[in-house]
**Q** 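Input: one structure, supplied below.
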Amino acid sequence: MPLALLALAVGAFGLGTTEFVMMGLLPDVAGDLHLSLPTAGHLVSAYALGVVIGAPLLAALTARLPRRTVLISLMALFVAGNALSALAPGYDSLLAARFLSGLPHGAFFGVGAVVATNLVAPERKARSVSLMFMGLTVANIAGVPVATLMGQHLGWRATFLGVSLIGVAAMAAVFLLIRPAHTPAPATGLRGELTALRSLPVWLALATTVVGFGALFSAYSYITPMLTASAGYTQGSVTLLLALFGVGATIGNLVGGRLADRAMRGTLFGGLASMVAVLLLFPVLMRTQWSAALAVVLLGVAAFATGSPLQLMVMERAAAGPSLASSANQAAFNLANAGGAWIGGVALAAGFGVTSPALAGAALAVLGLGVASVAYAVDRRRAVPARERVIASHVPADLARSSS
């Protein structure tokens with residue numbers, strides 16, 4: 001694997017850290033700015049909203065630019081957003097800075113995934129995407145806990161300054177390790193990117209991301225009350241257990257990338273089926289501490305095994321203009337975050353028990369399998385006429401006349 005993938009992983013590490021660290025810093029930010037916790041929680045939503053809006057918008061605006069230039073520019077916007085977060089004098093300015101920080105997130109992962117696949121042989125495309133995503137999963141193991149501790153001891157503003165420095169390092173890595181020859185400007189431009197988005201298989205792949213990862217976030221959004229109220233862990237132990245989730249996510253991401261290069265569709269179906277099984281077992285596994293820790297790891301493995309195949313499937317279905325579709329998949333991931341958390345909350349509010357969000361997630365994973373099956377059927381139906389056209393084009397002219 002080329003060293004240039006390290007540059008993409010460093011950027012992914014910074015993006016993953018700043019996305020999830022706010023959840024750990026909410027009490028500190030709320031206390032410093034004299035906010036209630038629900039109000040401070042809007043800072044998490046502001047980042048997610050920035051991702052959803054920025055992913056397709058920035059990918060479209062930069063469709064004609066060399067991708068290396070796009071990646072550096074996106075990280076520069078990321079650095080600016082986090083620096084402004086550190087310097088924000090009040091809640092409104094911090095809310096705007098968090099939104100700004102989220103804008104480049106989806107576009108960086110989307111364009112970065114396209115660059116990653118261009119750096120390797122065709123049979124290693126999924127693995128290259130998984131290595132870039134490894135920066136995101138490692139952020140949950142090391143970046144988020146360290147950044148949270150930094151915020152608790154040095155103040156939350158120091159955390160965002162530190163994340164800004166990660167962004168500067170990512171810019172330098174992209175500039176030094178990724179050659180311009182590997183990232184030329186796309187030949188299709190914005191029109192080609194938009195045309196690629198009109199494909200039904202692309203939208204089915206995006207829908208699979210929304211529903212499949214919605215299953216993850218339905219459970220993961222409420223993992224803390226499950227671990228404390230059901231498994232009996234103390235509040236202080238949760239940070240370590242969330243790092244275990246990051247370990248599982250890293251394992252699933254790497255294994256999923258390797259398997260997807262051999263059988264992309266099989267890996268996707270296997271990952272979704274594994275999520276159904278793990279989430280259905282959550283009420284049982286959350287009864288003891290050791291099995292609850294195992295459940296957290298298994299959830300990370302099952303969910304992130306689907307990450308690389310889903311990203312690659314979107315890109316392949318939009319082969320004529322993959323950057324916009326690839327970025328849209330990151331927007332779909334954040335829609336899954338918001339939608340999954342809402343569905344899990346509905347189950348919890350209905351009084352079905354503290355582990356009910358996991359069962360709601362299992363239902364979403366089953367729905368994800370259904371959407372993926374429809375996508376598979378559509379692909380097969382479209383492949384048959386294509387094969388018939390290829391066969392017809394090789395039929396000799398005299399044979400074609402005699403048959404007519």
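Each residue takes its place number in the sequence, starting with 1. What you see below is based on every heavy atom in this structure, not just the backbone, and it leaves out hydrogens, waters and symmetry mates.
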**Q** Ser373: which residues meet the side chain to side chain donor-acceptor pair (under 3.5 Å) condition with it, sequence neighbours left out?
**A**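 Side chain to side chain donor-acceptor pair (under 3.5 Å) check on Ser373 returns nothing, list empty.
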**Q** Tell me the closest heavy-atom pair linking Ala347 and Ala360, and the distance in Å.
**A** CB-CB, 4.2 Å
**Q** Which pairs of donor and acceptor atoms, one on a side chain in residues 26-34, lie under 3.5 Å apart (sequence neighbours left out)?
**A**
from	atom 1	to	atom 2	distance (Å)
Asp32	OD2	Trp156	NE1	3.0

**Q** A side-chain contact here means heavy atoms from C-beta on lying under 4.5 Å apart; do Met275 and Leu280 qualify?
**A**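 They are not in side-chain contact.
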**Q** Okay, side chain of Ser101, backbone of Gly81: is any donor-acceptor separation there less than 3.5 Å?
**A**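 Yes, the answer is positive, given that a donor and an acceptor are paired below the 3.5 Å cut-off.
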**Q** Rounded to the nearest 0.5 Å, how far apart are CG of Asn337 and OG of Ser218?
**A**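 Those atoms lie 11.0 Å apart.
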**Q** Would you indicate whether the side-chain heavy atoms of Trp342 and Phe217 approach each other to under 4.5 Å?
**A** no
**Q** What distance do Ile72 atom CD1 and Arg68 atom CZ have between them, rounded to the nearest 0.5 Å?
**A** 5.0 Å
**Q** Given side chains that start at C-beta, do those of Leu43 and Leu95 come closer than 4.5 Å, heavy atoms only?
**A** yes
**Q** Would you please test Leu310 and Leu268 for side-chain contact (heavy atoms from CB on, under 4.5 Å) and show each step?
**A** CA-CA 7 Å; Leu310 275 172; Leu268 174 59; 3.7 Å; yes
**Q** If the condition is side chain to side chain contact (heavy atoms under 4.5 Å, CB included), which residues does Arg265 pass it with, not counting sequence neighbours?
**A**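 If we apply the side chain to side chain contact (heavy atoms under 4.5 Å, CB included) test to Arg265, skipping adjacent residues, the hits are Phe269, Met313, Arg317, Ala375, Tyr376, Asp379.
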**Q** Given side-chain contact (heavy atoms from CB on, under 4.5 Å), test Leu15 with Leu136 step by step and report yes or no.
**A** CA-CA 7 Å; Leu15 290 164; Leu136 177 65; 5.9 Å; no
**Q** Filter on ring-ring contact (aromatic ring centres under 6.0 Å, His included), then keep only pairs touching residues 243-264, sequence neighbours left out; what's left?
**A**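 Sorted result for residues 243-264: Tyr220-Phe245.
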**Q** Taking only residues two or more places apart in sequence or in another chain, which ones pass side chain to side chain contact (heavy atoms under 4.5 Å, CB included) with Ala358?
**A** Ala219, Met226, Leu279, Phe282
**Q** For the atom pair OG (Ser327) and CG (Leu58), what is the distance rounded to the nearest 0.5 Å?
**A**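 The distance works out to 8.5 Å.
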**Q** Any side-chain donor-acceptor pair under 3.5 Å between Thr18 and Asn82?
**A**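 Short answer, yes.
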**Q** Taking only residues two or more places apart in sequence, or in another chain, which ones meet Thr137 in a side chain to side chain donor-acceptor pair (under 3.5 Å)?
**A**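 Residues passing side chain to side chain donor-acceptor pair (under 3.5 Å) with Thr137: Thr250.
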**Q** Between Val146 and Thr17, is there a side-chain heavy-atom distance shorter than 4.5 Å?
**A**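 They are not in contact (no side-chain heavy atoms under 4.5 Å apart), so the answer is no.
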**Q** Looking only at non-hydrogen atoms, find the nearest pair between Pro104 and Leu74 and report the distance.
**A**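 Between these two residues, the closest heavy atoms are CB-O, 3.3 Å.
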**Q** Under the criterion side-chain contact (heavy atoms from CB on, under 4.5 Å), I'd like the reasoning laid out for Arg262 against Glu123: C-alpha separation, chi angles, the key distance, then a yes or no.
**A** CA-CA 8 Å; Arg262 300 180 180 180; Glu123 66 272 12; over 6 Å; no
**Q** Of all the heavy-atom pairs spanning Ala336 and Gly214, show the shortest one and how long it is.
**A** CB-N, 3.4 Å
**Q** How close do Asn140 and Val144 get, heavy atom to heavy atom, and via which atoms?
**A** CA-CG2, 4.3 Å
**Q** If a pair satisfies side-chain hydrogen bond (donor to acceptor under 3.5 Å, both in side chains) and one of its residues is in residues 297-312, list it, with sequence neighbours excluded.
**A**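 Listed by first then second residue: Gln311-Ser326, Gln311-Asn329, Gln311-Gln330.
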**Q** Quick check against the 3.5 Å criterion: does Arg127 have a side-chain atom that pairs as donor or acceptor with the backbone of Asp261?
**A** no
**Q** Could you work out, with side chain to side chain contact (heavy atoms under 4.5 Å, CB included) as the rule, every residue matching Ala363, not counting sequence neighbours?
**A** none
**Q** Locate the shortest heavy-atom distance separating Ala305 from Thr267; write the atom from each residue and the value.
**A** O-CG2, 3.8 Å
**Q** Starting at CD1 of Ile223, measure out to OG1 of Thr228 and round the result to the nearest 0.5 Å.
**A**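 If I round to the nearest 0.5 Å, the distance is 10.0 Å.
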**Q** So, Ser85 side chain and Phe160 main chain: donor-acceptor pair closer than 3.5 Å or not?
**A** no
**Q** What is the distance from atom CG of Leu49 to atom CG of Asn334, rounded to the nearest 0.5 Å?
**A** 9.5 Å
**Q** Side chain to side chain contact (heavy atoms under 4.5 Å, CB included) with Leu84: which residues, sequence neighbours excluded?
**A**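 Leu84 satisfies side chain to side chain contact (heavy atoms under 4.5 Å, CB included) with Ala97, Leu100 only.
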**Q** Look up atom CG in Leu8 and atom CG in Leu71, then write down how far apart they are to the nearest 0.5 Å.
**A**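 Leu8 CG to Leu71 CG: 6.0 Å, rounded to 0.5 Å.
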**Q** Could you list all the side-chain hydrogen bond (donor to acceptor under 3.5 Å, both in side chains) pairs where at least one residue sits in residues 354-366, not counting sequence neighbours?
**A**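 Residue pairs passing side-chain hydrogen bond (donor to acceptor under 3.5 Å, both in side chains), neighbours aside: none found.
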**Q** Quick one: are Ser73 and Val70 in side-chain contact, heavy atoms under 4.5 Å?
**A**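 Answer no - side chains too far apart.
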**Q** Using a 3.5 Å distance criterion without hydrogens, assess whether the side chain of Thr208 forms a donor-acceptor pair with backbone atoms of Gly368.
**A** no
**Q** For the CZ atom on Arg157, are there more than 12 heavy atoms of other groups (residues, nucleotides or ligands in this structure) within a distance under 6.0 Å?
**A** yes
**Q** Among residues two or more places apart or on two chains, list those pairs meeting ring-ring contact (aromatic ring centres under 6.0 Å, His included) that have a residue in residues 61-107.
**A**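 Counting only pairs at least two positions apart or across chains, the ring-ring contact (aromatic ring centres under 6.0 Å, His included) contacts touching residues 61-107 are Tyr47-His105, His105-Phe109.
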**Q** Please report the closest heavy-atom contact between Ala170 and Met75, naming both atoms and the distance.
**A**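 Minimum heavy-atom separation between Ala170 and Met75: CB-CE, 3.9 Å.
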**Q** Tyr222: what forms a ring pair (Phe, Tyr, Trp, His ring centres under 6.0 Å) with it, not counting sequence neighbours?
**A** none
